[in-house]
Number of protein chains: 2
Amino acid sequence: MSERRTQILEAAVRVIAQDGVRGLRIPKLATEAGVSTALIYYHFSDRAGILRAALDHINQRARQYTRPALAGSDDPRTRVERMLLLELQDDEGIRLNSIAWGELRASATFHPDLREPLQASTGAWNADVEALVRQARDNGSVAGDVDPAAAAERLTALVEGLSERWHSGSLTLGRARRLLTQAIVLELRP
Amino acid sequence: MSERRTQILEAAVRVIAQDGVRGLRIPKLATEAGVSTALIYYHFSDRAGILRAALDHINQRARQYTRPALAGSDDPRTRVERMLLLELQDDEGIRLNSIAWGELRASATFHPDLREPLQASTGAWNADVEALVRQARDNGSVAGDVDPAAAAERLTALVEGLSERWHSGSLTLGRARRLLTQAIVLELRP
DNA sequence: GTCTATACAGAGATAGAC
DNA sequence: GTCTATCTCTGTATAGAC
């Protein structure tokens with residue numbers, strides 16, 4: 001992956017987080033990346049190609065900041081909490097990524113070609129949380145009658161719902177985090 | 001409200017549900033409504049005006065199909081369930097409405113002028129569910145230590161998260177409904 | 001690889017007849 | 001109220017020089 005490609009993709013994440021997938025304009029992306037529109041077409045096939053590459057880029061970034069929580073040394077129950085709360089954070093980088101990711105999710109409703117990568121990422125996230133829940137259950141820090149798959153799916157879906165309300169100004173970050181923390185208790189029980 | 005206006009708004013809901021807010025094209029809307037583009041500008045100020053009116057229209061439709069569940073004669077606990085599951089249904093009209101609603105929610109992240117109406121609708125929905133939960137609690141069909149406001153907010157946010165996964169093909173309708181039903185039990189307890 | 005300049009299509013919006 | 005015709009602007013994408 002060339003320098004330039006990365007530079008353009010980083011700019012794309014910023015533009016998507018600001019204007020949405022639907023609002024991404026090639027001239028604006030060019031300005032944001034500090035290059036000409038022609039150069040963008042030299043590195044990417046077309047607008048759809050840019051979008052696909054940007055999504056991929058967003059996923060990789062997410063996987064990066066997610067890994068530590070997944071593999072940390074704390075007990076699994078704590079790691080579940082940390083991993084879920086990760087998406088509801090004020091860190092600039094994570095916030096941009098989260099907004100862009102939400103946009104991708106919403107766009108997939110209307111662009112079937114985005115569905116497959118979306119499903120893959122969502123599935124991977126679910127599976128990670130599920131594995132942690134299962135560990136925690138075997139470990140005794142989570143009630144024995146909990147269904148790890150269902151709990152994980154509900155909690156990640158809740159994170160998405162809360163995130164969207166946060167991004168669209170219907171919910172403060174603090175309240176979103178509190179609601180999620182309580183949901184984790186209800187799902188996993190102490 | 002004139003016939004024509006309504007006809008155009010109904011068409012707008014269909015187009016938004018199919019192509020999204022960003023994908024709404026005036027010429028396509030005109031075709032869908034069976035009128036000329038000029039007539040649309042006769043009835044609405046501009047594109048943004050159409051969007052605002054469409055959002056309002058969607059809300060009113062939602063309130064209509066929501067009312068029966070709200071005021072039904074069953075016990076409140078049953079009504080909570082019915083009201084939440086309402087959004088996850090295969091009925092064509094409700095599905096279109098739900099998709100369009102999700103689109104507007106997602107768009108509000110990037111269009112501040114959509115935030116206020118969005119907050120109002122979300123708040124009204126939350127309040128309705130909260131009131132039912134409170135009734136059910138006073139009535140004994142819901143555990144006494146449940147926080148009606150928090151439970152309502154979590155459940156509606158979960159509905160939105162599950163809906164979006166359903167619309168984008170990451171989750172089947174049946175599984176979404178099952179996950180939600182279980183969440184209601186966890187939140188309210190029998 | 002990167003730019004400037006530009007072709008081309010499609011969208012929003014209006015003029016003016018009926 | 002409603003249409004046909006059209007103007008204008010913006011966005012995607014490419015040609016061709018460097």
Side-chain angles (χ1 to χ4, degrees), chain A residues 1-58 100 103-104 106-114, chain B residues 1-58 100 103-104 106-114:
Chain A
M1 171 99 64
S2 78
E3 282 287 307
R4 273 287 192 245
R5 253 185 90 92
T6 307
Q7 174 185 346
I8 293 170
L9 289 177
E10 289 288 331
V13 176
R14 289 195 299 276
V15 174
I16 291 175
Q18 194 185 334
D19 300 338
V21 165
R22 315 122 206 258
L24 183 140
R25 295 290 127 85
I26 311 300
K28 176 156 184 182
L29 172 58
T31 304
E32 178 75 29
V35 301
S36 68
T37 66
L39 188 63
I40 291 177
Y41 286 100
Y42 174 79
H43 286 285
F44 300 91
S45 56
D46 56 9
R47 192 178 180 281
I50 297 167
L51 248 31
R52 275 193 304 273
L55 297 184
D56 202 62
H57 192 68
I58 288 167
E103 247 302 273
L104 152 63
S107 305
T109 301
F110 309 102
H111 300 284
D113 49 316
L114 294 180
Chain B
M1 172 101 65
S2 77
E3 283 286 305
R4 273 286 192 248
R5 253 186 91 92
T6 307
Q7 174 185 346
I8 293 170
L9 290 176
E10 289 289 328
V13 175
R14 290 195 298 276
V15 174
I16 291 174
Q18 192 184 336
D19 299 337
V21 166
R22 161 60 155 68
L24 183 140
R25 295 290 127 85
I26 309 299
K28 176 155 183 180
L29 173 57
T31 305
E32 178 74 28
V35 301
S36 68
T37 65
L39 189 62
I40 291 177
Y41 286 100
Y42 175 79
H43 286 286
F44 300 91
S45 55
D46 56 10
R47 192 177 180 282
I50 297 168
L51 249 32
R52 276 193 303 274
L55 170 56
D56 201 64
H57 191 68
I58 289 167
E103 240 312 83
L104 288 161
S107 305
T109 301
F110 309 103
H111 300 284
D113 49 318
L114 292 181

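Lettering of chains follows the sequences in order, A, B, ..., and the numbering in each one begins at 1. Keep in mind that what you see is a predicted model, and the values were worked out from it rather than measured.
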### Gap between atom CD1 of B/Ile8 and atom CD1 of B/Ile50 - 0.5 Å precision
8.0 Å
Starting from [atom2] on [N], measure out to [atom1] on [X] and report it in whole angstrom.
X       : N      : atom1 : atom2 : answer
A/Arg4  : C/dC3  : CZ    : C1'   : 11 Å
A/Leu24 : D/dT10 : CG    : P     : 18 Å
B/Arg25 : C/dA9  : CZ    : P     : 17 Å
B/Lys28 : C/dG12 : NZ    : P     : 12 Å
A/Leu39 : D/dT14 : CG    : C1'   : 14 Å
B/Ile50 : C/dA11 : CD1   : P     : 14 Å
B/Ile26 : C/dA13 : CD1   : C1'   : 9 Å
B/Gln7  : D/dG1  : CD    : P     : 14 Å

#### Entry: First encountered from the 5' end of DNA chain D, between A/Tyr41 and B/Ser36
B/Ser36
## Note on the structure
Of B/Arg22 and B/Val35, the one whose closest nucleotide on DNA chain D sits nearer the 5' end is B/Val35
Nearest to the [X] side chain among [options], which nucleotide is it?
X       : options               : answer
A/Ala38 : C/dG12, C/dT14, C/dT4 : C/dT4
B/Asp46 : C/dA13, C/dT2, C/dA15 : C/dA13
A/His43 : C/dT2, D/dG1, C/dA5   : C/dT2
A/Thr37 : D/dA13, D/dT12, C/dG1 : D/dA13
B/Arg47 : C/dA13, D/dT2, C/dT14 : C/dA13

### Message
Taking any heavy-atom pair under 4.0 Å as a contact, classify A/Leu29: base, sugar-phosphate, or nothing.
### Response
nothing
### Query
Toward the 5' end of DNA chain C, which comes first, A/Tyr42 or B/Pro27, by nearest nucleotide?
A/Tyr42
### Query
If you measure from the Lys or Arg side-chain nitrogens to the Asp or Glu carboxylate oxygens, is any gap between B/Glu103 and B/Arg22 under 4.0 Å?
no
### Message
My understanding is that only one of A/Arg25, A/Arg14, A/Lys28 makes a side-chain hydrogen bond (donor to acceptor under 3.5 Å, both in side chains) with A/Asp19; could you say which?
### Response
A/Lys28
Side-chain polar contacts of residues 39-46 of chain B - donor-acceptor pairs under 3.5 angstrom, sequence neighbours left out - could you list them?
residue	atom	partner	partner atom	Å
B/Asp46	OD1	B/Ala48	N	3.4
B/Asp46	OD1	B/Gly49	N	2.9

### Query
Shortest non-hydrogen contact from A/Ala12 to A/Leu24?
O-CD1, 4.3 Å
